Amino acid sequence: MKLAINGGKTVRKKPFPGYRVIGKEEKKAVCRVIDSGILSRYLGCWHDDFYGGPEVRMLEKEWAEYFGIRHAISVNSCTSGLYCAVGAVGTEPGEEIIVSPYTMSASATAALIYNAIPVFADIEEDYYCLEPESVESKITSRTRGIIIVDIFGQPFNRDKIKAIARKHGLYVIEDAAQAPGAKFANRHAGTLGDIGVFSLNYHKHIHTGEGGIVVTDNDDLAERVRLIRNHAESVVAAKKEKNLVNMLGFNYRMTELEAAVGRCQIRKLRGLLDARLENCCYIEEHLKGIPAITPPAIRKNCVHSFYVHPFKFNSEIAGISRESYINAVKAELPETEFRENHGPLLSCGYVKPLYLQPLYQKQIAFGSKGYPFKAPFYKGKTDYRKGLCPVTERMHYKELFSHEFMLPSMSKSDIDDVISAFYKVWENRHEIKNG
Ligand SMILES: *Cc1c(COP(=O)(O)O)cnc(C)c1O
């Protein structure tokens, strides 16, 4: 059978159905807010409305209940939630924050915004989260905390990372953008560290267009996040706040419209996650006949939420490179509705290791003179050279591939087409010249 990359017929042409989670309930909720005429009720001063309007407060209450935590604080993105978290833990300019290089860029820029320096530790070979020994090896007298990511929906190694944090007096900030509904020992991802952050952007399991939620059991951290979210500097005097560290605020407020949508979305999370997990099982079961492909490992005692579904490819067994194989599979498959310009939702690796981005390679963040990396208040030495995190680089450039064909919008027969494409290319791989 001639492969599509060599001019053969593709396995499928009709686009896959898109992941659409917004329905009647959300429409009704948004209309309720529109009818009220109040699309946001915040005031940036010490007043009853400092904490926002009714939808925002209800979303926060319902989110906290669902995730089993004292405080949920809505913000306008996970990015701004991470910024709030780094500010709230009292980060000083010139301190260091240990971060993963294999994540969305904001997990690391959260440190830079407070003039702290991101220090990259390596990831786990099996789970892709920060590797505890590598984290410990990067700790210095300047380390303030660890921003740990539940990458792809895999909860981080809570016990080891928290033991290290306790031993060295560090904060654990958990980026759970990809892990709503994931669990470690029956506790929700996002609630495993001192402070956690979720994303409600359009690509995530549930969304409000844009949005984020910060969660914590710590009353003091929660209040500092609320201040940073809403013009802290104008509020602290009237509120009689004693601790003025990082009380330069922003406007990270979520509107009533998004909050109303978010309240409907939480109710859908469980069902959407179950459908996703079922599709992942089906795909793994049916790809077992391809010896060069290894399905993801799930950490002991954990529920994975599979934001993407990551696999490893063994090019020695295959006799062709990962790129050759994956590009040939992609050529057999269509795009997905609502993501038309993304091509088939299948890719080699995830994101380029962050320290290889120009921001770190050129060490230019604020202004043109290398601030804060080269600022006099930074007494350490940055290290962003290629080869810094060998496991991350090997996964990204050689072994890992990930796909999103497990989205709940995919029927079994849609998935069967994906599986056929993987087998077609596998069985005809002799047709591929190894590039
Ligand atoms: C999506 C994502 C973010 C950023 O979320 P926004 O809500 O778009 O700011 C941060 N970290 C990770 C790991 C993400 O996947």
Side-chain angles (χ1 to χ4, degrees), residues 19 21 59 63 72-87 97-113 118 120-121 123-124 127-130 145-156 172-182 188-190 192-193 195-215 225 228-229 250-255 258-259 261-262 265-266 269 273 276 304-310 339 342 345 347 349-354 357 359 392 395-396 400 402-404 407:
Y19 183 54
V21 295
L59 170 65
W63 194 281
I73 303 136
S74 60
V75 283
N76 58 6
S77 70
C78 174
T79 301
S80 43
L82 289 166
Y83 293 3
C84 287
V86 171
I97 296 190
I98 297 172
V99 297
S100 170
Y102 214 39
T103 175
M104 192 260 166
S105 62
S107 322
T109 54
L112 285 169
I113 289 294
F120 294 98
I123 61 170
E124 300 164 307
Y127 307 122
Y128 315 115
C129 299
L130 276 177
I146 306 163
I147 297 177
I148 195 130
V149 185
D150 302 311
I151 196 72
F152 309 146
Q154 175 94 259
F156 73 94
V172 176
I173 298 171
E174 183 181 8
D175 178 347
Q178 304 185 355
H188 274 282
L192 306 173
I195 185 163
V197 192
F198 294 94
S199 172
L200 290 170
N201 90 18
Y202 164 62
H203 294 286
K204 299 299 173 2
H205 292 68
I206 55 173
H207 80 94
T208 59
E210 304 286 351
I213 307 275
V214 183
V215 294
V225 168
I228 294 169
R229 164 178 76 177
F250 297 87
N251 175 350
Y252 291 153
R253 306 177 310 209
M254 181 185 271
T255 72
E258 289 142 355
V261 171
Q265 290 278 289
I266 308 179
L269 177 58
L273 186 59
R276 195 180 278 249
H304 200 300
S305 65
F306 290 115
Y307 172 64
V308 302
H309 195 193
R339 302 270 297 275
H342 294 229
L345 301 180
S347 59
Y350 175 57
V351 291
K352 183 168 161 176
L354 292 183
Q357 290 184 339
L359 172 63
T392 306
M395 290 307 134
H396 184 66
L400 182 91
S402 60
H403 74 86
E404 295 173 65
L407 288 172

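Remember, it's 1-based here, ligands and their atoms both numbered in the order they're listed. In this text the structure is predicted, and so the values were computed from the model without any measurement.
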Please work out which of the three classes, parallel, tilted or perpendicular, describes the rings of F306 and H309, given edges at 30° and 60°.
perpendicular
Is it the case that ligand 1 has an N or O less than 3.5 angstrom from some N or O of N201?
yes
Within ligand 1, which atoms have a heavy atom of T103 less than 4.0 Å away?
13 (C)
Atom 15 (O) of ligand 1 has as its nearest protein heavy atom Q178 NE2, 2.9 Å
Polar side-chain atom of E174 near backbone of G196 as donor-acceptor pair, under 3.5 Å:
no
Under 3.5 Å: N/O of K204 near N/O of ligand 1
yes
Top protein contact for atom 3 (C) of ligand 1, by heavy-atom distance
M104 SD, 3.5 Å
Using a 4.0 Å heavy-atom cut-off, say whether A177 meets ligand 1 through its side chain, its backbone, both or neither.
side chain
Heavy-atom side-chain contact between P180 and K204 under 4.5 Å
no
Pull out every atom of ligand 1 sitting under 4.0 Å from any heavy atom of S199, numbered as shown with elements.
5 (O), 6 (P), 7 (O)
Is it true that S77 and S80 share a donor-acceptor pair across their side chains at a distance under 3.5 Å?
yes
Which bit of I151 gets closer than 4.0 Å to ligand 1, counting heavy atoms only: side chain, backbone, both or neither?
neither
For the residue pair Y102 and Y350, does the interplanar ring angle fall in the parallel (under 30°), tilted (30 to 60°) or perpendicular (over 60°) class?
perpendicular
For S77, the ligand 1 atoms whose distance to one of its heavy atoms is below 4.0 Å:
7 (O), 9 (O)
Rounded to the nearest 0.5 Å, how far does CD1 of I148 lie from CG of D175?
10.5 Å
Quick one: closest heavy-atom pair of M254 and S74, and the distance?
SD-CB, 3.9 Å
By number and element, which atoms of ligand 1 are closer than 4.0 Å to a non-hydrogen atom of V149?
13 (C)
Show which atoms of ligand 1 fall inside a sub-4.0 Å distance from at least one heavy-atom site of D175.
10 (C), 11 (N), 12 (C), 13 (C)
N or O contact, Y350 vs ligand 1, cut-off under 3.5 Å
no
Show me which atoms of ligand 1 lie under 4.0 Å from any heavy atom of T79.
4 (C), 6 (P), 9 (O)
Out of I97, L354, L112, which one pairs with P118 under the side chain to side chain contact (heavy atoms under 4.5 Å, CB included) rule?
L112
Within ligand 1, which atoms have a heavy atom of G211 less than 4.0 Å away?
7 (O)
Under the 6.0 Å and 45° cation-pi test, does R339 pair with Y19?
no
